[in-house]
Amino acid sequence: AQSVAQPEDQVNVAEGNPLTVKCTYSVSGNPYLFWYVQYPNRGLQFLLKYITGDNLVKGSYGFEAEFNKSQTSFHLKKPSALVSDSALYFCAVSYAGNNRKLIWGLGTSLAVNP
Amino acid sequence: NAGVTQTPKFQVLKTGQSMTLQCAQDMNHEYMSWYRQDPGMGLRLIHYSVGAGITDQGEVPNGYNVSRSTTEDFPLRLLSAAPSQTSVYFCASSYLQSGGANVLTFGAGSRLTVL
């Protein structure tokens, strides 16, 4: 069965420290992987995606993610966290056979402390 | 460019009442969808559409109807509201990229409470 896991409900980091939000997936075929962010009382916003090519993907607001096929992971990273990065982060995956439906993780709440 | 516009932002219903959540996009996106977001449940797809006149069910379609008479609009109808439909609803749209991956543009959400 196709699935996405975000193993941490919440991640806490200090401002200026690097952050990682984890995502693992299970799909048949080649995955298309996404990260979205949701700020309080807002809709989701697209951050970045991986389709093919370079395993390190750069996105909005200084975020990047690394695709690891052997570990079936797509972790979101940022070298230096900002308080304004505090939000809910969602990982999602579709696959080449059915890119009309996304499979979503349950989300990880990121809190960046001043 | 307004993007995806949802109305209303907030609504309170009594059990058994009906209502329609409106969604409009001005980006000429072929694909439109409705999600509900509940604590601990993430995002769940209710219905989606790949073009005018074409709709299909997502993972939680029961209790909801949709139609797509134009490219721009994709209303979600609750025919007889139940407390279990208390949720935050998001409309999202995208281009349909052949062989590619959809990037969704989301509306700001509609918070529905059913008493």
Side-chain angles (χ1 to χ4, degrees), chain A residues 1-10 21 23-25 27 29-53 57 59-60 63 65 67 74 87-109, chain B residues 2-7 9-10 21 23-25 27 29-51 54-61 68 87-111:
Chain A
Q2 329 292 342
S3 65
V4 172
Q6 294 181 241
E8 300 156 317
D9 291 336
Q10 180 150 351
V21 183
C23 173
T24 60
Y25 66 91
V27 297
N30 295 321
Y32 299 154
L33 294 151
F34 303 81
W35 278 102
Y36 287 81
V37 60
Q38 184 180 29
Y39 297 102
N41 300 313
R42 302 282 297 276
L44 280 74
Q45 299 176 31
F46 169 72
L47 275 180
L48 50 80
K49 70 178 180 181
Y50 171 84
I51 300 176
T52 188
V57 179
S60 306
F63 284 93
F67 172 65
F74 190 56
L88 188 57
Y89 291 81
F90 288 96
C91 180
V93 63
S94 65
Y95 50 102
N98 188 5
N99 66 354
R100 298 173 180 183
K101 295 183 184 179
L102 286 172
I103 304 162
W104 293 87
L106 295 183
T108 297
S109 179
Chain B
V4 177
T5 302
Q6 289 183 235
T7 56
K9 293 190 185 307
F10 302 95
L21 298 176
C23 176
Q25 51 91 9
M27 298 169 284
H29 285 168
E30 302 97 336
Y31 179 91
M32 296 186 74
S33 57
W34 277 102
Y35 286 91
R36 60 178 290 172
Q37 184 179 26
D38 303 289
M41 303 291 286
L43 288 166
R44 292 183 290 171
L45 181 64
I46 304 171
H47 286 286
Y48 68 97
S49 167
V50 297
I54 306 170
T55 64
D56 206 347
Q57 296 180 348
E59 59 182 301
V60 288
R68 184 96 179 268
S87 187
V88 180
Y89 292 85
F90 290 99
C91 179
S93 70
S94 75
Y95 294 111
L96 270 179
Q97 298 169 295
S98 174
N102 301 339
V103 173
L104 291 170
T105 300
F106 282 81
S110 298
R111 184 176 296 274

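Values reported hereafter were calculated over all heavy atoms of this structure, with side chains retained and with hydrogens, waters and symmetry mates removed. Chain letters run A, B, ... following the sequence lines, proteins first and then strands; every chain starts at 1. Because the structure is a prediction, the values reported are computed rather than measured.
- In this structure, a donor-acceptor pair under 3.5 Å is absent between the side chains of A:E8 and A:T108.
- Using a 4.5 Å cut-off between heavy atoms, B:V50 touches chain A through its side chain atoms alone.
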> Does the ring-ring contact (aromatic ring centres under 6.0 Å, His included) test come out yes or no for A:F90 and A:Y36, once each step is laid out?
Replying inline: CA-CA 5 Å; A:F90 288 96; A:Y36 287 81; 8.6 Å; no

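- Only the side chain of B:R111 comes within less than 4.5 Å of a heavy atom in chain A; its backbone stays farther off.
- Ring centers of B:F90 and B:Y35: at least 6.0 Å apart, outside the cut-off.
- In plain terms, the two heavy atoms of B:W34 and B:C23 that are nearest each other are CZ2-CB, 3.4 Å.
- Neither the backbone nor the side chain of A:L33 comes within less than 4.5 Å of any heavy atom in chain B.
- Heavy-atom pairs under 4.5 Å with chain B were tallied for A:K49, A:Q38, A:Q45; the largest tally goes to A:Q38.
- B:S110 and B:Q6 are linked by a side-chain donor-acceptor pair at a separation below 3.5 angstrom, with hydrogens and angles left out of the test.
- Proximity to chain A is limited to the side chain of B:L45, based on heavy atoms less than 4.5 angstrom apart.
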